[in-house]
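Right, one structure below, let's go through it.
The shown structure was predicted, so the numbers you read here are calculated from the model rather than taken from an experiment.
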Amino acid sequence: MSSAPIVVYVSCADSKEICSFRVDVESGALDPLEVVAVPGTDEPSPSNMPLALGPGGTMLYAALRTAPFPVAAFAVDPASGRLSCLGTAPLPAPMAYISLAGNGRVLLGASYKEGMLSVSKVDANGRVQVPPTQVLTTPPKAHCILPGRSTDVIYATTIEGNAILIFRLDVASGKLEPADPPSMPCRPRAGPRHLALHPSLDVLYCVTEHDGALAAFAIERDTGALRELQYETLMPSDFKGNARAADVHLTADARFVYASVRSTNAIAGFRIDRRAGTLSPIGVFTVEGSPRGFAVDPLGRFLICAGQSRNTMGTYAIDPDRGALVLRHRIFVGKNPNWIETLAVSP
């Protein structure tokens, strides 16, 4: 296998480890790099173990959902992608999602179980500080939190609140304040779950868990306010029940966006209009069992999907013209793979 500049990190919640692979940029094959234990508790992490890369890919964070809910900080070797644990810090609740804001100086968390958001400062060495600077109660089942197009705008989802919450972040104090308006309601019974930003347009994409759709929202640059642009279903016309839609990611060039659905073991693809950010369906592709988490490599050649129910990872080539997915490689990983991050490192 030729050397590859892409490293894939896979979170395995039951075995409490991060499995790392190098990706062959021609074939998509996954070459095992290392397996690193995530410290902080003796119990598995229920449901998932979210990961978050810091700015520039110099740090990787992993949050366990078992008390004392530790988040581990790993330094990333820029040449090899190997991880070195710098320590752990307790978070106030089990977090379903973590992200970095304020140029890596703030760690944000969303707790599905507790209906809570947290804000923690991060020191110059990448270590998360305790106690958190803020804990906010949300409507039930918060599931995502990430920075918006403006550096001080933060978006968070609440599945049972059926809305995208909008905040302004003061990095110096580590505090969130509700924006004006403070939220964007979603369509009835949608259940907004994960979010993804267009890299250059003022557009936010949201996968809705219950009805299984991908929604696009226009962003008002100054306030962060949202306006619905489009809803596209991910589901067969005869589907009934909870879709259990899960994750959403764009290619780096923003030509395509993909969203996963656990109930159908599928990922739906869409072409993105380069001016408006609106969506045109490409197709629906069968992938790994219960695709809770996936990622697109930084070169936009492959979609890497975790099969949570089968302990597998699949690499799917992305057709550069049509955006269609074709399986290229499959490998077994640790128990309960659920989250994937990708990083370009030195050759």
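- If you check the side chains of N265 and E288, you find no donor sitting under 3.5 Å from an acceptor.
- For the atom pair OG (S80) and CG (L33), the distance works out to 6.5 Å, reported to the nearest 0.5 Å.
- Cation-pi contact between R187 and Y231: present, with separation from the ring centre below 6.0 Å and deviation from the ring axis of at most 45°.
- Taking the six-membered ring for Trp and the full ring otherwise, the centers of H143 and Y112 sit less than 6.0 Å from each other.
- Residues V296 and F285 are members of one and the same hydrophobic cluster, defined by side-chain heavy-atom contacts under 4.5 angstrom among Ile, Leu, Val, Met, Phe, Trp and Tyr.
- Salt bridge absent: D77 and R82 never bring a charged side-chain N and a carboxylate O closer than 4.0 Å.
- Between W339 and N48, the closest side-chain pair of non-hydrogen atoms falls below 4.5 Å.
- A donor-acceptor pair under 3.5 Å links the side-chain atoms of Y61 to the main chain of G126, judged by distance alone.
- Counting all heavy atoms, side chain and backbone alike, L197 lies closest to P147 at CD1-O, 3.1 Å.
- In this structure the side chain of L51 reaches within 4.5 angstrom of the side chain of L60, judged on heavy atoms.
- S150 contributes no side-chain N or O that, together with a main-chain N or O of V153, makes up a donor-acceptor pair within less than 3.5 Å.
- In the model, E228 has no side-chain atom that pairs as donor or acceptor with a side-chain atom of Q230 under 3.5 Å.
- A donor-acceptor pair under 3.5 Å is absent between the side-chain atoms of T88 and the main chain of A72, judged by distance alone.
- Annotation: side chain of L279 is not in contact with side chain of R271 (no heavy-atom distance under 4.5 Å).
- Counting only distance, with no hydrogens or angles, the side chain of R22 and the backbone of D31 share no donor-acceptor pair below 3.5 Å.
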Side chain to side chain contact (heavy atoms under 4.5 Å, CB included) between D152 and F167, intermediate numbers included: CA-CA 8 Å; D152 65 338; F167 299 92; over 6 Å; no
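- Classification of R189 and D211 as a salt-bridged pair fails, no side-chain N sitting under 4.0 Å from a carboxylate O.
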Stepwise side chain to side chain contact (heavy atoms under 4.5 Å, CB included) check, I267 with F294: CA-CA 10 Å; I267 287 180; F294 70 95; 4.0 Å; yes
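- Scanning all heavy atoms of the two residues, the minimum distance from R65 to S45 falls at N-OG, 2.9 Å.
- Side-chain contact, S47 with R292: a donor N or O sits under 3.5 Å from an acceptor N or O.
- Within the model, atoms CG of N162 and SG of C186 stand 5.5 Å from one another, a figure rounded to the nearest 0.5 Å.
- Side chain of S99 to backbone of I145: a donor-acceptor contact under 3.5 angstrom is found.
- Contact annotation: the side chain of P46 approaches that of T66 to within less than 4.5 Å [non-hydrogen atoms, C-beta and beyond].
- Distance OG/S280 to CZ/F256: 11.0 Å, rounded to 0.5 Å.
- Counting all heavy atoms, side chain and backbone alike, I98 lies closest to A52 at O-CB, 3.6 Å.
- No path of Ile, Leu, Val, Met, Phe, Trp and Tyr side chains, each step under 4.5 Å between heavy atoms, connects V284 with V261, placing them in separate hydrophobic clusters.
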T342 and V7: CA distance, side-chain angles, deciding distance, side chain to side chain contact (heavy atoms under 4.5 Å, CB included) verdict: CA-CA 6 Å; T342 63; V7 172; over 6 Å; no
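- Contact between K121 and G174 at its shortest, heavy atoms only, is CE-N, 4.0 Å.
- L226 and L201 sit in two unconnected hydrophobic clusters of ILVMFWY residues. Membership requires side-chain heavy atoms under 4.5 Å apart, directly or through other members.
- The shortest distance between side-chain heavy atoms of P236 and F239 falls below 4.5 Å.
- Between the Q134 side chain and the L176 main chain, a donor and an acceptor come within less than 3.5 Å of each other.
- Taking the side chain as every heavy atom from C-beta outward, I6 and P298 approach each other to under 4.5 Å.
- Neither side chain, T41 nor E43, offers a donor N or O lying under 3.5 Å from an acceptor on the other.
- Counting heavy atoms from C-beta outward, L30 and I331 have side chains that approach closer than 4.5 Å.
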Derivation of the salt bridge (charged side-chain N to carboxylate O under 4.0 Å, His left out) call for R168 and E177: CA-CA 5 Å; R168 308 301 291 240; E177 290 289 341; over 6 Å; no
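- The closest donor-acceptor contact from the side chain of T208 to the backbone of A213 lies under 3.5 Å.
- Between R301 and E26 a salt bridge is recorded (basic side-chain N to carboxylate O distance below 4.0 Å).
- There is a path of hydrophobic side-chain contacts, each under 4.5 Å, that joins L250 to F270.
- For the residue pair R193 and C144, the shortest heavy atom distance occurs at O-CB, 3.1 Å.
- Once rounded to the nearest 0.5 Å, the distance linking CG of L100 with CG of L146 reads 11.5 Å.
- Side-chain contact check for C19 versus P32: every heavy-atom pair is 4.5 Å or farther apart.
- With 3.5 Å as the limit, one finds a donor-acceptor pair spanning the side chains of D253 and T251.
- Across P90 and P68, no two heavy atoms sit closer than the pair CB-O, 3.5 Å.
- Atom-to-atom distance recorded for L53:CG and M59:CE is 10.0 Å, nearest 0.5 angstrom.
- Between the SG atom of C12 and the CG atom of N311 there is a distance of 7.5 Å, given to the nearest 0.5 Å.
- Between the side chain of R255 and the main chain of P320, a donor-acceptor pair closer than 3.5 Å is present.
- With a 6.0 Å radius and a threshold of 12 heavy atoms from other residues, nucleotides or ligands, N242 has its CG atom above the threshold.
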Salt bridge (charged side-chain N to carboxylate O under 4.0 Å, His left out) evaluation trace for D202 with R221: CA-CA 7 Å; D202 292 328; R221 179 67 68 95; 2.9 Å; yes
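- A side-chain donor-acceptor contact under 3.5 Å links D297 to the backbone of F302.
- Using a distance-only test at 3.5 Å, with no hydrogens or angles considered, a donor-acceptor pair links the side chain of Y205 to the main chain of G277.
- Both Y9 and Y97 belong to a single network of hydrophobic side chains, linked directly or stepwise wherever heavy atoms of I, L, V, M, F, W or Y lie under 4.5 Å apart.
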Worked verdict on L91 versus L107 for side chain to side chain contact (heavy atoms under 4.5 Å, CB included): CA-CA 10 Å; L91 295 175; L107 181 91; 4.1 Å; yes
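- Q129 and D123 share a side-chain donor-acceptor pair at under 3.5 Å.
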